[in-house]
Amino acid sequence: MAGFLGRLRSALSVRTVARQVFSLQAAIVVLLVVAAVVALVLQSRADSEREARNRSLAVAETFASAPGIEEALAAPDPAAVLQPRAERARKASAVDFVVVMTTDGIRLTHPDPAQIGGPYIGTIGPAAAGGIVRETVTGTLGPSTRAVVPVTDAEGKVIALVSAGVTLEAVSGVVEHQLPLLLGAAAAALAVATFGTALVGRRLRRQTHGLEPAEMTRMYEHHDAVLHAVREGVLILDGDGRLALANDEARRLLGLSPEAEGQLARELGLAPDIARLLASGRPATDEVHLAGDRLLAVNQRPTDSGGGPSGCVTTLRDTTELQTVTGRADVAQERLKLLFAAGLEIGTSLDVERTSQELADFAVPRFADFVTVDLADPVLRGEEPSQRGAAMRRVAFRGIRDDTPLYPPGKLIHFVPSTPQSLGYGSGETVLEADMTAFSGWQAQDPERARGLVDAGIHSMIAAPLRARGVILGVVTFWRSRKPEPFEHDDVTLAEELAARAAVVIDNARRFTREHTMAVALQRSLLPRALPEQNALDVAHRYLPAQAGSGGVGGDWFDVIPLPGARVALVVGDVVGHGLHAAATMGRLRTAVHNFSSLDMAPDELLWHLDELVTRIDQDESGDVAPVTGATCLYALYDPGSQMCTMARAGHLEPVVVRPDGSASFAAVPGGPPLGLSGLPFETAEIRLPEGSSLVLYTDGLVEDRTRDIDEGLELLRRTLAHPGRTPEQTCGAVLDALLPEEPSDDIAVVVARTRALADARTAVWDVASDPSAVGQVRAAVTRTLAEWGLEEASFTTELILSELVTNAIRYAAEPVRVRLIRDRVLICEVSDGSSTAPHLRRAATTDEGGRGLFLVAQFADRWGTRYTADGKVIWTEQPLLTGTSDNDG
């Protein structure tokens, strides 16, 4: 009985101890589960809020960089365009609001349309400056986690702001919805943990409470093998700053001795900055420190943050090779950026000198402290450079200061053979003079100047030839003074790239200069070099070709053509296009006008023939040549006897008439189509110009410009001309001063003609009856008139000419017959009749009794011809004045 009770007491005692252990374990499990639930709830809320912050930032940045946002902001009503987009983005991204606002914070979108146009509630200053704002603010929708990001244009300028966010109520709601699930999971985990604890407790009662020694040894060996096999150095220091453990990699990287463990960090012989970091025990993340010739990335964390022993753990990673490769990549990237920028800044114009100066301006101080550009003299004239000798002209200079002994721009330099410039120009290879202080031959150009360069601190240079299409145009020299390191071979490559890019642009500018010079020379050779002598008009003119950078010379032209009867024709024209083709076409049209005017055509008839000529030219030209269609012309014919000016124009601007009182107005000349349209008629206008009036003809380059509308230019021209008492030369100067653009993009031609009248004392007119006996009366009257003019020596020839012409008119033509005698620079005889049939010159046979009249006229007159009028025709002759009588005598 006693034995049974003893066994029962023992069993109860065991169960009591087991229950105590189980109760203790259950309590611990309950506490852990409760703590886990609380931590899980808090972590869930923290994760939700962090997710909200990240989501709001991602949505804001995505919407700010979305395609079309910049065009929408530029729309007349950006809110109408952006509101539907913002709502779609809000719903698709599960945020509570997406707000687009101006840089001043005025809302353009909002989930509540009533809030659009109101001020944004929150911080926007850093975002307006190009940064990002992340905050929790109470706004119109309540407390919310939000992000504000800038919207930038193509130039990086902030043009608007975008805010996206999630309200805290939505975040809290997510946590509250998840809380029952979390509590249920916690309860299940508690039940499982309780059951497991019970099982473990039951087994622990049957097993030992410690591990076997072999298991402990094996665990230690595994940890030790892993610690010493990793490629990162590991240091463990205790709370006193003594080295407790260092693996093999740490000993190799830091050069630690075998006795290092147990020593203070300051006593390990490490680099000062690493020693200070280890002794301080402060946290560090990827800090780069120098240890001998190695760059180490150091990470350090304290060991007591989780309740462990005091001290710290430090890891070391060797980044020497990575840093070297990264440095080289950075240098290569910077040079690529430099070359890209060079392509944008060098060659903005087709001007040789300006391009050379742009090269010098770009390289200082980005690449060198001083840059000089020397070009062969023929290059500046647009010609091919000569490779004989190394005589070059300095066309560009730029430096960090101006007080250097370098040759100034504009100087012609004859480089001696031993200089890098001469070597590079002759061989086409870049020459590096790394140490100028060694005076290895470069100083032979000018020893005194060379010593001055070295004294000024210039110690290294690169002479790179400017080569394009296999032709060397000159040399660019890069000089270094402020940076103590000399130029290296890598710098030579960059210098060659800069020189190559600049050489192509300089060569293009050189060839353009050559073509422009040829076109200007051709055009000037085709324009009148001097105005012909005549008494009807006092003429002044100006011609300005377009600048080289504006497409080259165009086809503008003008002419002053003396005509029979003391009349003068004024012509102004413009051929479409620029360059040699336009100049050559202009010459063809000018020659054609001369030929047509010699036939004494009316202005409208002349333009009709010119229009047909242009049509034929376009038909004959090949497809590679631009057509002439679109050329314009204005033809004006002035008769000083009647003071009438007859004009016609083909697509050209109206001339301006300036009356003697200074009033100016545009002549009402009907506007015909440009030349080459074929078949359309031209109309004429007749205007009487009192003596002293001015007729101003011009081309569109004078009144039309990129910055000025043509109507504004025409009105400015009229106001400028409205001034009495100016001479034609003064008028030309005033017009150019008032209307000449800063950079003419088209040729400019201006012709100012002030009218003169033919005095009555210089003319004589007789009506001739249709009777052969009237011929004698005409001869007698002409003889008396010539005697009054002091031209007795011309009487015989003049009587003979008039006898033949008047006899022909009486015999073969119709009435009325009239004779006019004009004393101008030559003696002019005119016989007009009412017939449109012109006589023809022929040679009479020896047996013929007549037919020699016009032959005699042609023999005794310098020139003769026929012109048609509305009432018939006029046969005219010209004879030289045989006396010293001035042609200006009244």
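- Pro420 is not listed as a side-chain neighbour of Thr477, based on a closest heavy-atom distance of 4.5 Å or more.
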Inset, instruction - Begin from the C-alpha positions of Val352 and Val395 and carry the test side-chain contact (heavy atoms from CB on, under 4.5 Å) through to its verdict. - result: CA-CA 9 Å; Val352 173; Val395 296; 5.9 Å; no
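- Each of Arg482, Arg401, Arg398 was scored for a side-chain contact (heavy atoms from CB on, under 4.5 Å) with Asp369, with one residue passing: Arg482.
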Legend entry - Test side-chain contact (heavy atoms from CB on, under 4.5 Å) applied to Phe439 and Val454, step by step: CA-CA 10 Å; Phe439 296 104; Val454 174; 3.6 Å; yes
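- Residues Phe362 and Arg501 fail the side-chain proximity criterion, which asks for heavy atoms closer than 4.5 Å.
- Of all non-hydrogen atoms in Ile400 and Ser481, the two that sit nearest each other are CD1-OG, 4.0 Å.
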Legend entry - Residue pair Val492, Phe487: steps toward the side-chain contact (heavy atoms from CB on, under 4.5 Å) verdict: CA-CA 8 Å; Val492 171; Phe487 283 119; 5.9 Å; no
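- The closest side-chain heavy-atom distance from Ile748 to Leu739 is not below 4.5 Å.
- Rounding to the nearest 0.5 Å places CG of Asp446 at 11.0 Å from CZ of Phe415.
- For the pair Gln357 (side chain) and Phe397 (backbone), a donor-acceptor distance under 3.5 Å is present.
- In this structure the side chain of Leu277 never reaches within 4.5 angstrom of the side chain of Asp273, judged on heavy atoms.
- Residue Leu253 holds its CG atom at 11.0 Å from CG of Asp248, rounded to the nearest 0.5 Å.
- Summarising the geometry of His459 relative to Pro484, their closest heavy-atom pair is CE1-O, 3.4 Å, with the distance given to 0.1 Å.
- Side-chain polar atoms of Thr419 and Gln445 form no donor-acceptor pair below 3.5 angstrom.
- One finds the CG atom of Leu423 at 9.5 Å from the CD atom of Glu433 (value rounded to the nearest 0.5 Å).
- Although no hydrogens or angles enter the test, the distance criterion places no donor-acceptor pair under 3.5 Å between the side chain of Arg393 and the main chain of Asp377.
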Inset, instruction - Could you check Leu589 against Cys633 for side-chain contact (heavy atoms from CB on, under 4.5 Å), going step by step and ending with a plain yes or no? - result: CA-CA 10 Å; Leu589 295 184; Cys633 183; over 6 Å; no
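- A 6.0 Å sphere centred on CD of Glu485 holds more than 12 heavy atoms belonging to other residues, nucleotides or ligands.
- Within a 6.0 Å sphere centred on CD of Glu287, other residues, nucleotides and ligands contribute more than 12 heavy atoms.
- Scanning both residues, Phe370 and Gly399, for their nearest heavy atoms gives CD2-CA, 3.4 Å.
- For Ser418 (side chain) and Gly441 (main-chain N/O), a donor-acceptor pair under 3.5 Å exists by modelled atom type.
- We find the CD1-OG1 distance between Ile413 and Thr372 to be 7.5 Å, quoted to the nearest 0.5 Å.
- Aromatic ring centres of Phe367 and Phe478 lie closer together than 6.0 Å.
- Between Leu254 and Leu296 there is a side-chain heavy-atom pair separated by less than 4.5 Å.
- What you find for Leu235 and Ala246 is that their closest heavy atoms are CD2-CB, 3.5 Å.
- Note on Asp507 versus Arg511: salt bridge recorded, some NZ/NE/NH1/NH2 to OD/OE distance being below 4.0 Å.
- Residues Asp286 and Arg317 have side chains in contact (heavy-atom distance under 4.5 Å, counting atoms from C-beta outward).
- Closest of all the heavy-atom pairs between Ala468 and Ala503 is CB-O, 3.6 Å.
- Remark: side-chain polar atoms of Arg542 are not paired, donor with acceptor, to backbone N or O of Leu736 under 3.5 angstrom.
- Pro486 and Ala434 get closest at one heavy-atom pair: CB-O, 3.3 Å.
- Atom CD1 in Ile472 sits 9.5 Å away from atom CE in Met392 (nearest 0.5 Å).
- Looking only at side-chain heavy atoms (C-beta outward), Met461 and Gln421 come within less than 4.5 Å of each other.
- A donor-acceptor pair under 3.5 Å is absent between the side-chain atoms of Ser460 and the main chain of Arg480, judged by distance alone.
- Summarising the geometry, atom OG1 belonging to Thr591 is positioned 9.5 Å from atom CZ belonging to Arg588; distances are rounded to the nearest 0.5 Å.
- Glu704 places no side-chain N or O within donor-acceptor distance of the main-chain N or O of Asp700, the cut-off being under 3.5 Å.
- Between Ile506 and Ser356 there is a side-chain heavy-atom pair separated by less than 4.5 Å.
- No hydrogens or angles considered: a donor-acceptor pair under 3.5 Å links the side chains of Thr699 and Asp556.
- Remark: the backbone N or O of Trp557 is not paired with any side-chain donor or acceptor of Arg590 at under 3.5 angstrom.
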